[in-house]
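First the structure, in the form of structure tokens, and then the observations on it.
Values below: every heavy atom of this structure, side chains too, minus hydrogens, waters and symmetry copies. Residue numbering restarts at 1 for every chain, and letters A, B, ... go by the order of the sequence lines. Since the structure is predicted, the reported quantities are computational estimates derived from the model, not experimental observations.
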Number of protein chains: 2
Amino acid sequence: MTTHDNDAFKPIATVDLAIFSLSPDGLSVLLVRRANAPFSGEWALPGGWIHINEDADLEAAARRVLKEKTGVETPYLEQLQTRGSRGRDPRGWSISIVYIALLSADDVAERQDEMAGEAEWRLIEGEGVGLSLAFDHLSLLKEALGRIRSKVEYSSLPGHLLPARFTLSELQSVYEHLLGRKLDKSAFRKRVAEADFLERIEGEMRRASNRPAQVFRLKDTRSLALFDRTI
Amino acid sequence: MTTHDNDAFKPIATVDLAIFSLSPDGLSVLLVRRANAPFSGEWALPGGWIHINEDADLEAAARRVLKEKTGVETPYLEQLQTRGSRGRDPRGWSISIVYIALLSADDVAERQDEMAGEAEWRLIEGEGVGLSLAFDHLSLLKEALGRIRSKVEYSSLPGHLLPARFTLSELQSVYEHLLGRKLDKSAFRKRVAEADFLERIEGEMRRASNRPAQVFRLKDTRSLALFDRTI
DNA sequence: CTAACTTAGTTGAAGATTTACACTAAGACT
DNA sequence: AGTCTTAGTGTAAATCTTCAACTAAGTTAG
């Protein structure tokens, strides 16, 4: 045991984030360009060392990184997976604890300026971003996409990407975009009603040159509601 | 960045395992009694430091710990969750990457002797094990149980706890035990057939003082099959 | 002012699936 | 030969899904 109190035997540990939002063209992920070696100049998922004096726990570390890169404090955040191996970082045996964050369209709109230069939204294209990434981050991104696409089938996940207030048609449209297929309107509304994760905003209507639509918000912006069956 | 090349800033990292098997009375988890501080003498999930010279990656570290404690080499193994915080280990900021392993009843029977003394199977009772555990291991065990019970609803998970060869009635009985409720026989068989994770062993029958039953085995002992709907 | 247009939201018939339970099958035991 | 037990299948009724039409409520054009 004492041999491992010697820090030379400790792996390196970082927290990395796959931060998603909806851009006009679809799902996007936040990437940063690395300033230092290794992989200097390449794109990567935002991340950082655990600051053992500052971070109380892993989720706090993830929230700190998120705040630093986006200014957002309270998104949907979930732990995805932990990768660790001898070869993934040329500096030595390294561990990365990876989180998924979903940003509301409101958050993205409000903080557009805070992010300038250091980070950039990249549209998701199929399994990736049409770009190679530093470390094993492309593989991590694929894993994150798999998790997200899977959860769209049976959870309220897409609601966390919209602005705080939205209509059922808008919500359905995000589901359809992420699933890549059309959904039946009445079946969709039945699922959403059963899962009971929306709060109707009394009297608030979205108006256009057609029948006005009821506006809703999530009952809980920090957690997902699960459906009994797939959407 | 250079400040963090100083190892004093690295957290401690261990891999811990929630290893499950079926004992005559139901689902059991393997616990070890700690020989050293902290929590000396208390029960804990088996685990150990990552050996950066020996383990190629996290899963290899988990398999090594599993082999050391049980002698088993190829069980079902999945990453559950990673915990990390300042306070969970009195020695300092620590990370635990937790895996779930499911042992076939055959594996347990064959290695009964190899485990003597150092480790012990404890029956699961409700949310825990009727015992307090070292570190945050009770909370980790609860998390593992939640994952397992959830997966019983929509996957072939219980098949990995049985001996290599089993009948459909035996399989159904494990589902029922883990779910805590009875299942309809024809519905159960329909789901199992659809998910297509069993291989019928031609000509092999389980005989007793009643109609003989067809014997099956898992097509793949390393991965779970998922159902389209809940069982 | 009215009719046409657009999207919101609901309804219902036809088809598919699930559920509950009974029925048949194949052996051992008496 | 008859009874008992568990394996495995069949089926009618109830429920859920699908698909498409329908009604609702506004704006816009003439």
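- If you find the closest nucleotide of DNA chain D to A:E194 and to A:A208, the one lying nearer the 5' end belongs to A:E194.
- C:dT17 atom P lies 11 Å from atom CZ of B:R191, rounded to whole Å.
- In this structure, B:S209 does not reach the D:dT5 phosphate: none of its side-chain N or O atoms is under 4.0 Å from OP1 or OP2.
- B:A187 comes within 4.0 angstrom of nothing in the nucleic acid, heavy atoms only.
- Between B:Y76 and B:H160, the two ring planes are tilted [angle within 30° to 60°].
- A:R206 comes within 4.0 angstrom of nothing in the nucleic acid, heavy atoms only.
- Comparing B:R229 and B:R207 by the nucleotide of DNA chain C whose heavy atom lies nearest to each, the residue mapping closer to the 5' end is B:R229.
- With DNA chain C read from its 5' end, the first of the two nearest nucleotides for A:R200 and B:R211 is the one closest to A:R200.
- Taking the six-membered ring where the residue is Trp, the centroids of B:F166 and B:F216 are separated by 6.0 Å or more.
- Here D:dT6 is the nucleotide among D:dA7, D:dT6, C:dT18 with the atom lying nearest to any side-chain atom of B:N210.
- Nucleotide D:dG8 holds its P atom 16 Å from the CG atom of B:L183, rounded to whole Å.
- With rounding to whole Å, B:F188 atom CZ is found 12 Å from D:dG8 atom P.
- Annotation: side chain of A:Q214 is not in contact with side chain of A:R206 (no heavy-atom distance under 4.5 Å).
- Salt bridge A:E73/A:K67: present, at least one basic N to carboxylate O contact under 4.0 Å.
- If you take CD of B:Q172 and P of D:dG8, they are 11 Å apart, rounded to a whole angstrom.
- Atom-to-atom, CD1 of A:I231 to C1' of D:dC16 comes out at 15 Å; the value is rounded to the nearest Å.
- Here B:K185 lies in heavy-atom contact (under 4.0 Å) with a base.
- If you measure from atom CZ of B:R189 to atom C1' of D:dG10, you get 13 Å, rounded to the nearest angstrom.
- Counting any heavy atom pair closer than 4.0 Å across all strands shown, A:S186 reaches a base atom.
- Counting only heavy atoms from C-beta on, B:Q214 has its side chain closest to D:dG8 among C:dC29, C:dT10, D:dG8.
- A donor-acceptor contact shorter than 3.5 Å is absent between the side chain of A:S173 and the backbone of A:S169.
- The separation between A:F227 atom CZ and D:dT17 atom P is 13 Å, rounded to whole Å.
- Of the listed nucleotides (C:dA20, C:dT18, D:dA7), C:dA20 has the atom at the smallest distance from the side chain of B:D184.
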